[in-house]
Visitor: 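Following this message is one structure expressed as structure tokens.
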Amino acid sequence: MVIIKSFLSLFFIFFSYYAQAEAFELTIYTEHFSPYNFENKAGQLVGINLDIVKDVCIASDIKCDFQMLPWKRAYSLVQKKEHSGIISIAKTAERAPIFNWVGPLASSQTFFYKLKKNTNLKMNNLNDAKQFSLAIVRGDIYESIVKKVGFESGKNLLAIGDEMQYMHLFLNSKIDLILGSEYTIGYQLSPFGYSEDDVVRLQELPLPEIAGNYIAFNKSVPNYIVERFNREFEKLKKKDNFSAYKKRYKR
């Protein structure tokens, strides 16, 4: 009889744990950051990392509501709203204690790019970069990094509200440089009818202080949910290191 009672107690604990997980709901914020997370022509939120996280939500039996917002608003909300998370976010020493982290997701190395037709722009090392003008999204993690390289607001660094605005300036030769990567550059150029053949990749931007893209959870998300999410994430990653997701969006 004691054995039966013990078994029933364990059963109810086990059942309660998974019932909680299945009933749990998360709001996950993100920004427009092709091809990692963006809105397609059909109005669907898609992308390498967004698709990964969608599948992890399903595998974890967690209902996830995705919301795409400007980065500064998304980052502000995830710190205030209970039971929320954010993707794709760089993990820094400053941010690390604010959230609970799962990842990293897919990412690629960041470089400076110039227009191929801009033959007068030559860069032999990173120090040369600050001779030229650069535009970046205001509040982006890269803003503080390029300032350490030597870019200065009001001098050779222009912080703009969104990517479309600074790409327009770049393609019209109003600024010299942009940042991009193997995965992002094609998506940055294609809305304007340009391709990777129209730009030249220059120096790599060193990123000693950041890692990621990650999923970051508000501290109010219970540990058992974060742990469950992390287990399913690791299972998915072990299959092929997300190569199927990356191929889905490769241009």
Visitor: Just by modelled atom types, is the G180 backbone N or O under 3.5 Å from a matching donor or acceptor in the T184 side chain?
Guide: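 Checking the backbone N and O of G180 against the side chain of T184, no donor-acceptor pair under 3.5 Å is found.
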
Visitor: What are the two closest heavy atoms between V78 and A216, and how far apart are they?
Guide: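 Looking at all heavy atoms of both residues, the shortest contact is CG2-O, 4.2 Å.
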
Visitor: Do V199 and K116 come close enough that some side-chain heavy atom pair is under 4.5 Å?
Guide: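 V199 does not reach K116 side chain to side chain.
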
Visitor: Go through L77 and L69 one step at a time and tell me if the side chain to side chain contact (heavy atoms under 4.5 Å, CB included) criterion holds.
Guide: CA-CA 10 Å; L77 283 172; L69 299 167; 3.5 Å; yes

Visitor: Quick check: closest heavy atoms across Y245 and Y249, and the distance to 0.1 Å?
Guide: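 Minimum heavy-atom contact is O-CD1, 3.4 Å.
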
Visitor: Minimum heavy-atom separation for Y183 and S108, please, with both atom names.
Guide: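 Taking every non-hydrogen atom into account, CD1-OG, 3.3 Å.
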
Visitor: Checking side chain to side chain contact (heavy atoms under 4.5 Å, CB included) for the pair F112/L179: CA distance, chi angles, key distance, verdict?
Guide: CA-CA 5 Å; F112 289 100; L179 297 177; 3.6 Å; yes

Visitor: Hey, does W71 have a side-chain heavy atom less than 4.5 Å from the side chain of I86?
Guide: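 With C-beta onward as the side chain, the pair touches.
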
Visitor: Treating N156 as the side-chain partner and K130 as the backbone partner, does any N or O pair qualify as donor plus acceptor under 3.5 Å?
Guide: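 Yes; at least one donor-acceptor contact below 3.5 Å.
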
Visitor: Indicate the atoms forming the closest heavy-atom contact of F229 with C57, along with that distance.
Guide: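 Residues F229 and C57, closest heavy atoms: CE1-SG, 3.8 Å.
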
Visitor: Would you confirm whether N118, through its side chain, and K114, through its main-chain N or O, come within 3.5 Å as a donor-acceptor pair?
Guide: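 Judged by distance alone, no pair lies under 3.5 Å.
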
Visitor: Return the OH to OG1 distance between Y214 and T92, rounded to the nearest 0.5 Å.
Guide: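 If we round to the nearest 0.5 Å, Y214:OH and T92:OG1 are 11.5 Å apart.
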
Visitor: CD/Q203 to CG/D128 distance, rounded to the nearest 0.5 angstrom?
Guide: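 Nearest 0.5 Å value for the CD-CG distance: 7.5 Å.
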
Visitor: For a side chain to side chain contact (heavy atoms under 4.5 Å, CB included) check, start with the C-alpha distance between E143 and K147, then their side-chain angles and the critical distance, and finish with the verdict.
Guide: CA-CA 6 Å; E143 186 175 359; K147 284 181 177 178; 3.7 Å; yes

Visitor: Where do L177 and A129 come nearest, in terms of heavy atoms and distance?
Guide: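 Closest approach of L177 to A129, heavy atoms only: CD1-O, 3.9 Å.
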
Visitor: Is there a donor-acceptor pair closer than 3.5 Å between any side-chain N or O of S133 and the backbone N or O of D176?
Guide: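 A pair under 3.5 Å: yes.
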
Visitor: Please determine whether side chain to side chain contact (heavy atoms under 4.5 Å, CB included) holds for the pair I28 and V53, giving the CA-CA distance in whole Å, both sets of side-chain angles, and the decisive distance to 0.1 Å.
Guide: CA-CA 9 Å; I28 297 183; V53 175; 3.8 Å; yes

Visitor: Are the side chain of N213 and the backbone of L105 linked by a donor-acceptor contact shorter than 3.5 Å?
Guide: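 Looks like no, no N/O pair under 3.5 Å.
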
Visitor: Give the ring-plane orientation class for F38 versus Y187, where under 30° counts as parallel, over 60° as perpendicular and anything between as tilted.
Guide: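 The arrangement is tilted - the two ring planes meet at 30° to 60°.
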
Visitor: Mind running ring-ring contact (aromatic ring centres under 6.0 Å, His included) on F217 and H83 for me, showing each step along the way?
Guide: CA-CA 8 Å; F217 292 108; H83 299 174; over 10 Å; no

Visitor: For the residue pair F242 and F233, does the interplanar ring angle fall in the parallel (under 30°), tilted (30 to 60°) or perpendicular (over 60°) class?
Guide: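 Plane angle between 30° and 60°, so tilted.
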
Visitor: Indicate whether any N or O donor in one side chain lies under 3.5 Å from an N or O acceptor in the other, for K72 and S76.
Guide: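 No, no side-chain donor-acceptor contact under 3.5 Å.
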
Visitor: Could you pull out the closest heavy-atom pair between Y166 and Q188, with the gap in Å?
Guide: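 Here Y166 and Q188 meet closest at OH-NE2, 3.5 Å.
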
Visitor: Looking at CE of M167 and CD1 of I175, how far apart are the two atoms once the value is rounded to the nearest 0.5 Å?
Guide: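 Output value for this atom pair is 8.5 Å.
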
Visitor: Below 4.5 Å, heavy atoms only, C-beta onward: do L189 and S195 meet side chain to side chain?
Guide: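 Side chain of L189 against side chain of S195, heavy atoms only: no contact under 4.5 Å found.
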
Visitor: Cut-off 3.5 Å, side chains only: do N230 and E232 have a donor facing an acceptor?
Guide: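 Looking only at side-chain atoms, E232 and N230 do not form any donor-acceptor pair under 3.5 Å.
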
Visitor: Is it true that atom CD of Q165 has more than 12 heavy atoms of other residues, nucleotides or ligands lying nearer than 6.0 Å?
Guide: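 Check passes, neighbour count above 12.
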
Visitor: Are M164 and Y36 connected into the same hydrophobic cluster when the rule is that any two of I, L, V, M, F, W, Y join if their side-chain heavy atoms are below 4.5 Å apart?
Guide: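 Y36 does not cluster with M164.
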
Visitor: Using a 3.5 Å distance criterion without hydrogens, assess whether the side chain of N49 forms a donor-acceptor pair with backbone atoms of A106.
Guide: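 Checked: pair present.
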
Visitor: Using a 6.0 Å cut-off, check whether atom NZ of K81 has over 12 heavy atoms from anything other than its own residue.
Guide: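 For K81, atom NZ is not crowded (no more than 12 foreign heavy atoms under 6.0 Å).
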
Visitor: Heavy-atom distance under 4.5 Å between the side chains of N223 and N100, does that happen here?
Guide: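 Side-chain contact under 4.5 Å: yes.
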
Visitor: For the side chain of E31 and the backbone of N37, is there at least one donor-acceptor N/O pair under 3.5 Å apart?
Guide: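 Not confirmed, E31 side chain does not pair with N37 backbone.
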
Visitor: I need the S34 OG to E39 CD distance, nearest 0.5 Å.
Guide: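 One gets 10.5 Å once the value is rounded to the nearest 0.5 Å.
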
Visitor: Is F111 reachable from V149 through a run of I, L, V, M, F, W or Y residues, each pair having side-chain heavy atoms under 4.5 Å apart?
Guide: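 No: no chain of side-chain contacts under 4.5 Å links V149 to F111.
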
Visitor: Check whether any side-chain heavy atom of T110 sits under 4.5 Å from a side-chain heavy atom of I145, and report yes or no.
Guide: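 No, too far: nothing below the 4.5 Å cut-off.
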
Visitor: Over 60° means perpendicular and under 30° means parallel, so classify the ring planes of F99 and W101, tilted if in between.
Guide: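 It falls in the perpendicular class, over 60°.
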
Visitor: Backbone N or O of D240 within a donor-acceptor pair of the S243 side chain at under 3.5 Å?
Guide: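 Confirmed, S243 side chain pairs with D240 backbone.
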
Visitor: Drop me the distance from I178's CD1 to L134's CG, to the nearest 0.5 angstrom.
Guide: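 That separation rounds to 9.0 Å.
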
Visitor: Please check if V146 and L169 belong to a single hydrophobic cluster, counting links between Ile, Leu, Val, Met, Phe, Trp and Tyr side chain heavy atoms closer than 4.5 Å.
Guide: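 Not linked; separate clusters.
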
Visitor: Any chance CZ of R248 has more than 12 other-residue heavy atoms, nucleotides or ligands included, within less than 6.0 Å?
Guide: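 Correct, the count exceeds 12.
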
Visitor: Does Y29 reach the side chain of S84, with side-chain heavy atoms less than 4.5 Å apart?
Guide: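 In contact.
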
Visitor: Are the side chains of T30 and F66 in contact, using a 4.5 Å heavy-atom criterion?
Guide: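 No, side chains not in contact.
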
Visitor: How long is the straight-line distance from CG of L236 back to CZ of R231, given to the nearest 0.5 Å?
Guide: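 Nearest 0.5 Å value for the CZ-CG distance: 15.0 Å.
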
Visitor: Any side-chain heavy atom of K250 within less than 4.5 Å of one from E182?
Guide: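 Result yes, sub-4.5 Å side-chain heavy-atom pair found.
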
Visitor: Are L205 and I185 connected in a single hydrophobic cluster, I mean Ile/Leu/Val/Met/Phe/Trp/Tyr linked by side-chain heavy atoms less than 4.5 Å apart?
Guide: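 Not linked; separate clusters.
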
Visitor: Salt bridge or not for D61 and R228, using N-O below 4.0 Å?
Guide: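 Between R228 and D61 there is a salt bridge, with a charged N closer than 4.0 Å to a carboxylate O.
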
Visitor: Using only atom types and a distance under 3.5 Å, with no angle test, would you say the side chain of K91 pairs donor to acceptor with the backbone of R95?
Guide: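 The answer is no, because no donor-acceptor pair under 3.5 Å joins these two groups.
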
Visitor: Is the side chain of R201 donor-acceptor paired with the backbone N or O of Y113 at a distance under 3.5 Å, no angle test?
Guide: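 Between the backbone of Y113 and the side chain of R201 there is no qualifying donor-acceptor contact (under 3.5 Å).
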
Visitor: Hey, quick one: are V102 and Y224 part of the same hydrophobic cluster, counting side-chain heavy atoms closer than 4.5 Å, chains of contacts allowed?
Guide: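 Result: yes, single cluster for both.
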
